[in-house]
Amino acid sequence: MKRTLLFSLTALLLSSASAEIRIGVVISATGPAASLGIPEKNTVALLPKKIAGQDITYIILDDASDTTTAVTDTRKLIQDNKVDLILGTTTTPASLAMIDVVAQAKVPMISLAASEGIIAPVDTKKRWVFKTPQTDAIMAAAIVDHMAKNGIKTVGYIGFNDAYGEGWFAELQKNAAAKGIKIVGSERYNRTDTSVTAQALKVAAAKPDAVLIGASGVPGVLPQKALRDRGYAGKIYQTHGVANPDFLRVGGKDVEGAILPAGPILVADQLPDTNPNKKVGLSYVNQYEAIYGKDSVSTFGGHMYDAGLILQKAIPRALKVGKPGTAEFREGLRAAIEGTRNVIGAHGIFNLSATNHLGLDARSRVMVVVQDGTWKLLK
Amino acid sequence: MSLLSVQDLHVNYGRVEALHGVSLEVGAGQIVSVIGPNGAGKTTLLSALAGVLPSRGTALYQGEALSSLSVEERVRRGLVMVPEKRELFGSMTVADNLLLGSYSRRSRSQVGTDLENIYARFPRLLERRKQLAGTLSGGEQQMLAIGRALMTAPKLLMLDEPSLGLAPIIVREIFKIVESLRASGVTVLLVEQNARAALACSDHGYVLETGDVKLSGPAQQLADDPAVTSAYLGSQES
Amino acid sequence: MDLAQLFDPAIFPVLAADGLTNGAVYALLSLALVLVFAVTRVIFVAQGEFVSFGALTLASLQLGKVPGTLWLVLALLAISAVVEGISQLRQGQGRRAGMVLLSALGISAGLWALLTWLAPLKLALPLQVLLTLLLVVPLGPMTYRLTFMPLREASTLVLLIAAVSLHLILSGLGLAFFGAEGSRTPAFAEGQITLGQVQLSAQSLVTILVSAVLMLALYFFFDRTLAGKALRATAVNRLGARLSGISPVRAGYVSFTLAAAIGALSGLLIGPSTPLSYDSGFLIGLKGFVGAIVGGLVSYPVAALGALLVGLLESFASFSFSAWKEVIVFGLILPVLLWRSLTTRHAEEEE
Amino acid sequence: MKLGSRTWLALAFFAVIALLPFLLPTFYLTLLGNVGIYALVALGLVLLTGVAGSTSFGQAAFMGVGAYTSAVLCLRFGLSPWLTLFAAVVVTGVVALILGAITLRMQGHFLPLATIAWGLSLYYTFGNAPFTGGFTGLTGVPPISLFGMALNTPSRFYWLVWAVLALCAWVTQNLLQSRTGRAMRALRGGVTVAESFGVNTYVLRVQTFLLSAVLAALAGWLYAHGQGFINPTPFGLSQGIEFLFMAVVGGSGSVGGAILGAGLITLLRDQLQNLLPKLLGQSGDFVTPVFGILVILMLQVAREGLWPLLERILPRPSQTLMPGTERLPIHTKPASGEELLRLEGVSKHFGGLKAVNGVSFSLNSGEILGLIGPNGAGKSTLFNVISGVLPPTAGHITLRGQDISRFASRQIARLGMARTFQHVKLFPEMTLLGNAMMGGYTRAHAGVTRSLLHLERSEEAALQHAAAEQLTRVGLGDVFELAGNLPLGQQRILEIARALVADPTLLLLDEPAAGLRLGEKRELAALLRKLQGEGVTILIVEHDMDLVMNVVDRLVVMNYGEKLAEGTPREIQQHPAVREAYLGGAA
């Protein structure tokens, strides 16, 4: 114990002397958002270890899906570990809470959370904040488009009673109103609930043409099963939050026919070879599964991977402005990330600007249907 | 040989010593009573012997040191206390209370007969066997407490103030029972405030005052000792 | 509006059936909670973890994997054996200490061999259920030995904090063993059954029936067997029980074993109808608690009824005010407490 | 005023704290800022749990109510955080008052469970209420400014937090060392005593609860304006659990324990986060389980928390009486011979058991009346009925002409009756002085507010003086000794001293001589006669006949719940029925 401490102390002293870039990672490896956070954390192992001759050190801290811990972790990484960039965190509220900290310290941050509110509108604080996952807005637009094309006039909503479910409902409201689709029911449930029969019953009683389930991971199975058990025959939409192998494993027959938007990575092997994301997506999937086993990949790790790809391009440019660990370097890194053009990621093509800190467009999502226990690309 | 032999027993409540080195002997088949006014440490003595309170000093039971044994292990070896407050299972039936007395017995074959014997000894318990123990009158509760203790197949039964709060007619009954226990081979260590009655049925007696044994001797001799009376009614008596 | 819809003949029975199914499981848990509290004074908030462990251990076996539970059992067994061995040595029982260590070693080796042999074979469901119980049930007595037995004279608050710590430990390990995502276990019965107006899944019926049978079994155990009566007696009067030769430590072991068994079985009952994850158990357990509190933490039947009520209320609240469901369900406690505070005289709490 | 060594240590501690920003890396200021906020909540739990004996998992929820109230008002109406602080405290107070009023009558273990329930309920309320920003949260909460300076850098915020904490720790410490604080300590396992000396324990419990909620609200206010962002997760059940951990691990009995616990738990989690990946690898996150194991181990080693261990090496608290010339007011005693207490057909039945049945007698001012009878005769029950601990089933009791049959014991105490207990009921962790001062509760008036600010010092000094005087009078010299260290006999004497501090018109003594040695009994007899000479009327239950026969004027003998005889000691000694009852007639 003492030895380890001594060892880590010397390691700390030594490492701070050598030339390297330190990147802090804040992730929800435990707590309610763990199912999203764990693949993100796992993906850190696939990020570049060396860029432009500089060693990259990643320091990973778990925020336990808690806002206070996320903020404290961020301060720790910035003030104690002197990192030049923050990657994370998984959830929207915690990412929002971190903005003040990174802006004050003038350290760029790439969030892995969904909400558009994290990066928009770009102001003096959000200047420092970027993100890689598609926003709920992009995804919701895709779903509502699909609904409109399929003649759906009314929609019901069953979502998590948390920030995820709340964010999706807000986007659904916005997009549905634009397309003239009426929301006829909105119900909430908890990730750990044992039954959503009542909510399903309520929504089904309103007889909507389609139902959107605003949930992430395996708990997304529950409302769909309950709706089908109640004899609901309309279309069922899920969000990209469920796009992991566990959802299919646990859902089985019950989730057949679910339609959802997702990053192209989910169906990378089904993409036409002309799709630029196919190669990157497959490469990520292969690398990930080489380490963590077959059928272990989820789309969420891809956001972390994409952040790595952006850095690969941005860091060399930032190094021209200043040395790692300096304010110049961080400002340079910020500017370089903002100047990202045509970086092909697993989830889409990133073209950032001073007013758009995400830089993904409609090509960053595809519509997918669950068919025969697997994800099937809808053309 | 003594069934129970106690030497220099000390008991503390926190930093306060309540027994200052008590010694006593209980021979097999005897009835021995410990008498003394309130607060003398009688209950403390029994509780320590039953293992409910920690104590210092030596206590040998059937030649075995008691100190390392838990309350339950003492009960299993036949050293059983009927506490002053009876400690019945109030929300359970009389029959269940009695049955639970037999919990630690290895051999179940005798249990049925013993139960019948106890019902024979206390017909009132038989009448009320389906009643909850908490609804019994004081005397009945005392009978039940003794009955439950007898169901453990005790060798040495320690009774703490069995006559406490009971009407005279019932007190008389209780003491009759105590005497009859000796006949059935159970040794009795009796703690009583009712000195005259206790000494009348005992072989030997000890007078405890403020944590010390003040007097001891054959029961009859103690009963005639004016010092015993004065312990209760004050020395002014003339 | 909504409230009128609640009593629609197409809706009410469905909600009632759903509420009863969940309520049956809450009732089982509330019985275990009352039992553990009455016997050991531990407010056992970690009870819900056994629910998760039960379902997820079975799910691992379904996938042909050796469940992480095995490692926990082995670790706890090793620590328990060492702790017990030391306490035997201190009492000068060298031979017994050796026996304890040896038998623990034997059991560990046996368990390990059994699991690594049987797990990949994907046995029939009943056998896997047995294996699951074999792994999860021992967690009860072992956590009692290591956590609560050394604290048995401590205040209720200290015991409660220890129970909360145990909840943190078990749910943290659950995440490490089973991952963040939940799993569903196979149903004991497939298909739908139509009872008059109501379509009920066969699994719901199994849940209700098994819960009822278990409750009857518990009733029989407490009412007819000496061991069950001894548990009740310990709860009613600890000193009285000791003076009758009933060891409170043993009663503690028995009640924690029962709690683990009831928890694991509850997990197996809910597992098929809903995916359970490592952290699902806590809230399920808490709802059992609400029931137990309605029963004043002393009365078994009232606790079970209270838990059924929680299930029903949850179902109806989910229908009418789904976002506020938890507020309503947990808010239920407050009027119950108010009623209790008005009907019971405040008793002095002697420490 | 002369300061004690403890006070100097505390001042030194906070001085070091104030200087830390010049010494420590910034991150530690961040961490210590969190520690300060958590310590505020833990401080509330010290009052509630450690001192008053009620447990709450809901403190995080109260913190949330404070945080949300302040943040929402700031964002909606652009108010200054200093204004919204007031609102945060009031709103939290109202919520706590409602919840407390409902649940605080309950037995010990119900409160923690109820707090779990409302902890969860408030969490979902924050997430679903229309004005709270939902689960996503509220951004842009303004920082607190002082003289136009925004306190939003780590070091400035740190100073603010610790300044608030120091202030709160000071007032809490003040409160604990006051009349109210002593009464609060009595809430934990000494409710009967407290009520017997005039404390309205229910009201005091609610007040304590309110105070702890207000401390949490204050922490919430700091949190909201320090983070600039709030959402429901920091105010959920798991954080509520964490706060209780802090209080229990630190040692919930003292102010120091709250700060120690908050510091220890926060730093422990931080260090585990650094250390565990090095020991166990990155594959899993074991901070929480390891943390849980450490807490359980700690509980098994030190049940009372770590502060008591630390306290052993600290200098003992100051042991001087406060100077002061003020004296407590003295009750007027009725003229000698006037009828003081009268019982008419008083009965007390428990179910079928007639513990006391139709007892009547009266007691005149200046008299010593003995109440005797064999064990189980109902004397103590009658005592409890007279002093209002138990309500009589039937009959009337009048004190100085006033019917007190239905009075609670605290009301009777205010009429000038004081008592001792058959089973000594002292506060073993308190000094003799503290125990004795408890007796003077009704003679002083300072409430919570004055106590918090130490504005009651002259009254406190007068109380101390009165207590010290009575302790000397009964022959207990070392007033700073802990009551638990006294032998049983002396503890009984201490109970008498405590009752005397109440300046009673009528003194009820329940077996004061039990466990006393011969010399002590003689002194007791002398004391009783002396008190009689000073106009105190005494009702005494006693088994020691030497003592009884020597000091009493008259005797009432009870047997089987009924009055058996009444008369002078000599008459009673010759009374055949009495002899029969005492020595037993079974033979």
Side-chain angles (χ1 to χ4, degrees), chain B residues 46-47 49-54 65 67-93 95-106 108 111 115 132-134 141 144-154 157-160, chain C residues 34-35 37-39 84 87-97 149-150 152-153 219-255 295-303 347 350-351:
Chain B
L46 280 205
S47 302
L49 292 175
V52 176
L53 288 176
S67 59
S68 68
L69 297 181
S70 69
V71 179
E72 307 88 75
E73 281 162 334
R74 292 179 204 210
V75 171
R76 211 163 297 149
R77 285 167 170 74
L79 179 61
V80 181
M81 171 167 80
V82 178
E84 182 185 325
K85 291 179 182 161
R86 288 138 201 175
E87 308 291 353
L88 296 171
F89 308 122
S91 56
M92 299 174 80
T93 62
D96 280 348
N97 269 273
L98 289 174
L99 188 67
L100 281 164
S102 73
Y103 179 80
S104 59
R105 287 167 69 171
R106 291 259 165 76
R108 310 298 304 168
V111 171
L115 191 60
L132 297 187
Q141 290 198 358
L144 179 55
I146 294 174
R148 185 179 71 183
L150 288 175
M151 285 299 287
T152 62
L157 190 63
M158 303 190 287
L159 300 173
D160 194 358
Chain C
V34 171
L35 171 67
F37 179 79
V39 173
E84 186 64 36
S87 89
Q88 294 282 4
L89 263 184
R90 278 205 187 137
Q91 289 176 23
Q93 306 271 9
R95 284 229 344 247
R96 253 200 233 170
M149 207 181 104
R152 63 187 184 280
E153 308 294 330
Y219 174 77
F220 181 81
F221 174 72
F222 284 126
D223 200 59
R224 296 292 152 82
T225 68
L226 189 60
K229 284 177 183 174
L231 274 191
R232 266 167 70 205
T234 313
V236 173
N237 187 329
R238 187 177 307 263
L239 179 60
R242 297 192 75 188
L243 292 171
S244 309
I246 302 166
S247 152
V249 171
R250 193 198 286 194
Y253 275 122
V254 176
S255 54
L297 279 176
V298 281
S299 163
Y300 294 90
V302 181
E350 296 288 355
E351 296 253 318

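Keep in mind the model is a prediction, meaning the values are calculated, not measured. Chain letters run A, B, ... following the sequence lines, proteins first, then strands; residues in each count from 1.
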Asker: Answer with side chain, backbone, both or neither: which region of C:R250 has an atom nearer than 4.5 Å to a non-hydrogen atom of chain B?
Answerer: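 Contact with chain B: side chain only.
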Asker: Considering residues, nucleotides and ligands other than C:R96, do more than 12 of their heavy atoms fall under 6.0 Å from its CZ?
Answerer: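 At most 12 heavy atoms, drawn from other residues, nucleotides or ligands, come within 6.0 Å of this atom.
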Asker: Examine whether an atom of B:R77 lies under 4.5 Å from a heavy atom of chain C, and if so say whether it belongs to the side chain, the backbone or both; otherwise answer neither.
Answerer: neither
Asker: Kindly compute the distance separating CD1 (C:I246) from CZ (B:F89), expressed to the nearest 0.5 Å.
Answerer: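 So the CD1 of C:I246 and the CZ of B:F89 are separated by 4.5 Å.
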Asker: May I ask you to check whether over 12 heavy atoms, not counting those of C:R90, lie within 6.0 Å of atom CZ?
Answerer: no
Asker: Which residue out of B:M92, B:R76, B:R74 racks up the most heavy-atom pairs below 4.5 Å with chain C?
Answerer: B:M92
Asker: Taking OH in C:Y219 as the centre, count heavy atoms belonging to other residues, nucleotides or ligands within less than 6.0 Å. Is the count above 12?
Answerer: no
Asker: Please state whether the side chain, the backbone, both or neither of C:A241 comes within less than 4.5 Å of a heavy atom of chain B.
Answerer: both
Asker: At a heavy-atom distance under 4.5 Å, which candidate from B:R105, B:M81, B:M151, B:R148 has the highest pair count against chain C?
Answerer: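 When all of B:R105, B:M81, B:M151, B:R148 are compared, B:R148 has the most.
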Asker: With side chains defined as the heavy atoms from C-beta onward, is the minimum distance between C:S247 and B:E73 less than 4.5 Å?
Answerer: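 Not in contact.
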Asker: Evaluate the criterion side-chain contact (heavy atoms from CB on, under 4.5 Å) for residue pair C:L239 and B:V71; output intermediate values, then yes/no.
Answerer: CA-CA 9 Å; C:L239 179 60; B:V71 179; 5.9 Å; no
Asker: Given that the side chain runs from C-beta out, which part of B:V80 has a heavy atom under 4.5 Å from chain C: side chain, backbone, both or neither?
Answerer: side chain
Asker: Check whether any side-chain heavy atom of C:V249 sits under 4.5 Å from a side-chain heavy atom of B:E72, and report yes or no.
Answerer: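 C:V249 does not reach B:E72 side chain to side chain.
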Asker: For the side chain of C:N237 and the backbone of B:L88, is there at least one donor-acceptor N/O pair under 3.5 Å apart?
Answerer: yes
Asker: Just verifying a value: how many Å separate B:T93 OG1 and C:D223 CG, rounded to the nearest 0.5 Å?
Answerer: 8.5 Å
Asker: May I ask you to name which of C:A230, C:A227, C:G245 has the most heavy-atom pairs under 4.5 Å with chain B?
Answerer: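 Option with the top pair count is C:G245.
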Asker: Please state whether the side chain, the backbone, both or neither of B:S91 comes within less than 4.5 Å of a heavy atom of chain C.
Answerer: both
